[in-house]
Amino acid sequence: MDDGTLETFTGFRVQHSIDRGPAKGGIRYSPNLTLDEARALASWMTWKCALVNIPFGGAAGGVICDPDKMSKRELERLTRRYTAELIEVLGPEKDVPGPDINTDEQIMAWIMDTYSMHVRHTVTAVVTGKPLELGGSHGRTEATGRGLMIVCDEALKRLSMNRDQTRVVIQGFGNVGSNAARLMHRRGYTVVGVSTSTGGLYNKNGIDIDALIGFPGTVETDSAGLSVADCDILIPAAVENQITSRNADRLKAHILCEGANGPTTAEADDILADKRVFVIPDILANSGGVTVSYFEWVQDRQGYFWLESEVNDQLDHTMRTSFAEVLQYAETHDVSNRIAAYMLAVGRVAYTLRQRGIYA
Ligand code: NAD
């Protein structure tokens with residue numbers, strides 16, 4: 001630590017599947033991180049990558065720490081040591097980390113640099129979500145938020161709703177939430193509520209998101225109440241287990257678009273089904289992040305970088321195709337969007353397993 005004392009931190013990396021390609025998944029820094037949480041996140045990544053049909057398996061990891069209480073230098077040392085411990089495990093052909101809660105492009109840059117130092121040459125493709133100058137991709141920072149907007153656009157078409165009259169509440173104002181808010185505000189949605197872990201803002205007439213960004217100190221009302229506030233689309237984009245049996249029956253939104261991983265409990269899911277809420281499940285809704293991470297990995301390996309418009313067009317195509325496939329499955333098999341998404345994803349992984357000859 002900066003004061004010369006020594007502290008020990010516990011970190012994890014879980015690889016759930018490498019059947020369809022190298023393991024891929026986020027790195028989370030959180031005081032509450034558990035191995036079980038990393039296991040769940042790793043398996044969601046397997047299904048998410050299969051659902052959007054990109055050639056990755058699933059992984060997840062992180063370190064139990066509180067970044068709010070650490071200096072930048074301490075975070076750098078922690079990140080470099082975590083990476084060094086995982087040298088045998090990581091690699092462009094093995095396991096490719098990316099950003100998640102409390103990790104950003106600076107942390108991804110340190111991972112890239114530490115890995116490269118150990119293997120004695122620059123390996124940009126070992127991690128995604130890097131700064132543009134170090135092999136990052138245009139459009140990666142806002143990719144998850146952009147993906148959320150694209151699937152909301154598609155849902156509105158299905159439900160014959162009008163974007164101009166659609167009010168959106170977003171829980172969480174980090175990478176995913178703030179980018180979704182900014183992009184959706186610009187596209188003509190009315191963002192009526194946003195929140196962070198310390199508080200929230202609600203204005204039934206809409207919030208000027210561009211003015212809000214840069215003034216994070218202005219948020220001051222209750223955050224929990226926002227989940228049940230009056231709106232048409234609710235986007236949980238913070239942490240797990242926010243929509244539960246305690247609040248699901250009071251939700252007013254017609255559409256639940258899951259930006260976070262696992263924001264809805266199984267009990268709440270049943271309640272939402274009874275209320276006929278249109279759910280865009282996490283493995284579909286927030287898959288824009290890993291999709292552009294895949295584009296970043298491809299560009300790094302090609303050594304040829306795409307224009308932002310090209311990245312966004314490809315993302316648009318992937319999200320719309322996956323959305324249509326999930327809806328088609330849901331109709332054909334008469335199941336919820338969530339079950340349909342899992343059927344598609346599990347089916348793809350199982351098919352790959354059979355083709356690879358696991359059961360031969
Ligand atoms: P982040 O650290 O950038 O932001 C998290 C935000 O959530 C912060 O604004 C924090 O204040 C807020 N928050 C935490 N607890 C809250 C609470 N109880 N109520 C309201 N706000 C709360 O993290 P992120 O990268 O934006 O990730 C958010 C979620 O999206 C996570 O579930 C993550 O797994 C998922 N996700 C992220 C990506 C990505 O590309 N970063 C991709 C797919 C899914």
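Indexing begins at 1, ligand by ligand and atom by atom, following the structure's order. Just so we're clear, the structure is a prediction, and the values are computed from it rather than from any experiment. Side chains included, hydrogens not; waters and symmetry mates left out as well; all remaining heavy atoms used.
Contacts between Ser287 and ligand 1, counted as non-hydrogen atom pairs separated by less than 4.0 Å, are absent for every part of the residue. When non-hydrogen atoms are compared, ligand 1 lies under 4.0 Å from the backbone of Asn175 as well as from its side chain. Only side-chain heavy atoms of Arg28 come within less than 4.0 Å of ligand 1; its backbone N, CA, C and O stay farther off.
The pair Arg186-Asp210 meets the salt-bridge criterion, with a side-chain N (NZ, NE, NH1 or NH2) lying under 4.0 Å from an Asp/Glu carboxylate O. Salt bridge present: Glu37 and Arg28 bring a charged side-chain N and a carboxylate O closer than 4.0 Å. A salt bridge between Glu85 and Arg81 is present, with a side-chain N of the basic residue lying under 4.0 Å from a carboxylate O of the acidic one. Salt bridge present: Arg80 and Glu76 bring a charged side-chain N and a carboxylate O closer than 4.0 Å. Using a cutoff of 4.0 Å between basic side-chain nitrogens and carboxylate oxygens, Arg301 and Glu93 are scored as salt-bridged. By the 4.0 Å N-to-carboxylate-O rule, Asp249 lies too far from Lys275 to be salt-bridged with it.
When only interatomic distances are considered, the shortest N/O to N/O separation between Asn286 and ligand 1 does not fall below 3.5 Å. For Leu41, no nitrogen or oxygen atom sits less than 3.5 Å from a nitrogen or oxygen atom of ligand 1, counting backbone and side chain alike. Polar contact with ligand 1: present for Gly174 (N/O pair, distance under 3.5 Å).
Each of the following atoms of ligand 1 lies closer than 4.0 Å to a heavy atom of Ile101: 2 (O), 23 (O), 27 (O), 31 (C). Proximity to Val176 (heavy-atom distance under 4.0 Å) selects the following atoms of ligand 1: 24 (P), 26 (O), 27 (O), 30 (O), 36 (N), 37 (C), 38 (C), 39 (C), 41 (N). Of all the atoms in ligand 1, the ones that sit under 4.0 Å from a non-hydrogen atom of Arg140 are 40 (O). Ligand 1 places these atoms under 4.0 Å from at least one heavy atom of Gly172: 7 (O), 12 (C), 21 (N). Within ligand 1, the atoms closer than 4.0 Å to a non-hydrogen atom of Phe173 are 6 (C), 9 (O), numbered from 1 in the order shown.
The closest heavy-atom contact to atom 29 (C) of ligand 1, among the options Ala285, Gly288, Ala238, comes from Ala238. In the candidate list Ser197, Gly147, Ala60, Ser197 is nearest to atom 15 (N) of ligand 1, counting heavy atoms. Proximity annotation for atom 40 (O) of ligand 1: of Thr144, Thr291, Asn261, Thr144 comes nearest, heavy atoms only.
A heavy-atom separation below 4.0 Å is not found between Glu258 and ligand 1.
A side-chain hydrogen bond (donor to acceptor under 3.5 Å, both in side chains) with Arg167 is found for one member of Asp232, Thr190, Asn205 and no other, namely Asp232.
In this structure Asp19 satisfies the salt bridge (charged side-chain N to carboxylate O under 4.0 Å, His left out) test with no other residue, sequence neighbours excluded.
Sorted by first and then second residue, the pairs that involve residues 7-35 and meet ring pair (Phe, Tyr, Trp, His ring centres under 6.0 Å), not counting sequence neighbours, are His16-Trp47.
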